[in-house]
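Each remark here refers to the structure printed beneath this line.
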There are 2 protein chains.
Amino acid sequence: MKKPQTQPTKLTISYDEYLIKFRKLLVSLKLNNSTQREYVLKLFFECQEHLTADEVVLKLKQKFNITIGIATVYRILSFLEQMKIIKSLTLENETSKKYEINLKTHHDHLICNECGDVIEFYDSELERIQELIAQEKGFVLTNHHMILYGICEKCRR
Amino acid sequence: MKKPQTQPTKLTISYDEYLIKFRKLLVSLKLNNSTQREYVLKLFFECQEHLTADEVVLKLKQKFNITIGIATVYRILSFLEQMKIIKSLTLENETSKKYEINLKTHHDHLICNECGDVIEFYDSELERIQELIAQEKGFVLTNHHMILYGICEKCRR
DNA sequence: TTCCCTGCAAAGGATTTGCATACAA
DNA sequence: TTGTATGCAAATCCTTTGCAGGGAA
């Protein structure tokens, strides 16, 4: 059987365009803009990794040499998540939530237990089966969490 | 395409047999037995739900009228998880880990966002595809977490 | 001027740890 | 008797909240 697997594709948008959209969103919600919010957004845009709140503080210091209080970071993360600009995931054996920007098309994660490497993938067959299972049980799916854990090629050597 | 979906099956073993196995395990690890450990085991055996550490304390009081310190419960949960007697899962929007006994064959979860109802299912096609994806990326799978979230039939009315 | 946003520090919840005591073998 | 397990309280880690001051429109 042909397996229709693909890489998740990154939506092509520049940071400037992205920022304009973001500012419009804030206006439409009657919210103020702030340097802090824009820096966090910029960080996630540039560094497309999975970051914890602590790591956001750290990276902001490293990359832009600015300091934002951890409370503010948490508030911004919640806001961005509600707006679906970022999304969160909780990994096995890790205590704190990680966040990543939602620029890519929907995808799931494959993680190496040894080196922690994260591979993103999308598989339409998998998605289709999830829908079938849900249907069979009388559910309408809203979302799903799927993380595969294993050992990557490099670490097996 | 035929979808080979089944219910996860419960392994048929009595609590007495189970307890004997458990005691042997402790001996083989040169560990002492304790009333507390056996009660936690019994609880998970009898009440086949997903429980947090707090809920374990509560249920132990309700069902057996015994009190175990929360620290001990956490220590027992870690131990049982290491021994693969129970397994843990972290649900979306919940802060504390839940544990369930590992008596059933491998299965994943489908959860209603409204009523919190948990449906267990096993789908061999899904498992097969996960293996294929891992292979393609050069991974050897060790395990996976998959939780589907949706709204159940009852709650949609 | 009017809210919203931030930073600090304190509070909160979940989990872990140190230590003295109790218990199993 | 010896080492392990428990219970309590304190500590820790992550996250949230209250509040006073700073900033955006």
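The chains referred to below are lettered A, B, ... by the order of the sequence lines, with proteins before strands, and numbering in each begins at 1. What you see below is based on every heavy atom in this structure, not just the backbone, and it leaves out hydrogens, waters and symmetry mates. Keep in mind that this is a model prediction, so the values were computed, not measured.
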Result for salt bridge (Lys or Arg N to Asp or Glu O under 4.0 Å) between E49(A) and one of K63(A), K98(A), K59(A) points to K59(A)
What integer distance in Å separates [X]:[atom1] from [N]:[atom2]?
X      : N       : atom1 : atom2 : answer
K98(B) : dA14(C) : NZ    : P     : 12 Å
N32(A) : dT2(C)  : CG    : C1'   : 10 Å
L26(A) : dG23(D) : CG    : P     : 18 Å
L77(A) : dC14(D) : CG    : P     : 14 Å
F79(B) : dT4(D)  : CZ    : C1'   : 12 Å
R37(B) : dT6(D)  : CZ    : C1'   : 10 Å
L31(A) : dA25(D) : CG    : C1'   : 12 Å
N93(A) : dT15(C) : CG    : P     : 13 Å

Solution key, residues 17-24 of chain B side-chain donor-acceptor pairs under 3.5 Å, sequence neighbours excluded:
| unit_1 | atom_1 | unit_2 | atom_2 | d |
| --- | --- | --- | --- | --- |
| E17(B) | OE2 | S14(B) | N | 3.1 |
| E17(B) | OE2 | S14(B) | OG | 3.2 |
| R23(B) | NE | E38(B) | OE2 | 2.7 |
| R23(B) | NH2 | E38(B) | OE1 | 3.0 |
| R23(B) | NH2 | E38(B) | OE2 | 3.2 |

Ignoring backbone atoms, establish whether S34(B) has a side-chain N or O less than 4.0 Å from OP1 or OP2 of dT6(D).
-> yes
Under 4.0 angstrom between Q36(B) side-chain N/O and dC23(C) OP1 or OP2 | no
Closest nucleotide of DNA chain C for K30(A) versus for S78(B): which of these residues is on the 5' side?
-> K30(A)
Considering only NZ, NE, NH1 and NH2 on the basic side and carboxylate oxygens on the acidic side, decide whether R128(B) and E125(B) come within less than 4.0 Å.
-> yes
Are T142(B) and N113(A) linked by a side-chain donor-acceptor pair shorter than 3.5 Å?
-> yes
Any chance the rings of F121(A) and H109(A) have centres within less than 6.0 Å?
-> no
What residues join V140(A) in its hydrophobic cluster, counting side-chain heavy atom gaps under 4.5 Å, either direct or through other members?
-> none
What residues in residues 42-76 of chain B put a non-hydrogen atom under 4.0 Å from any atom of DNA chain C?
-> D54(B), A71(B), Y74(B), R75(B)
Hey, mind stepping through K87(A) and E81(A) against salt bridge (Lys or Arg N to Asp or Glu O under 4.0 Å) and telling me if it holds?
-> CA-CA 5 Å; K87(A) 60 182 175 178; E81(A) 189 175 16; over 6 Å; no
With the side chain of T95(B) defined as its heavy atoms from C-beta on, choose the nearest nucleotide among dG13(C), dT4(D), dG23(D).
-> dG13(C)
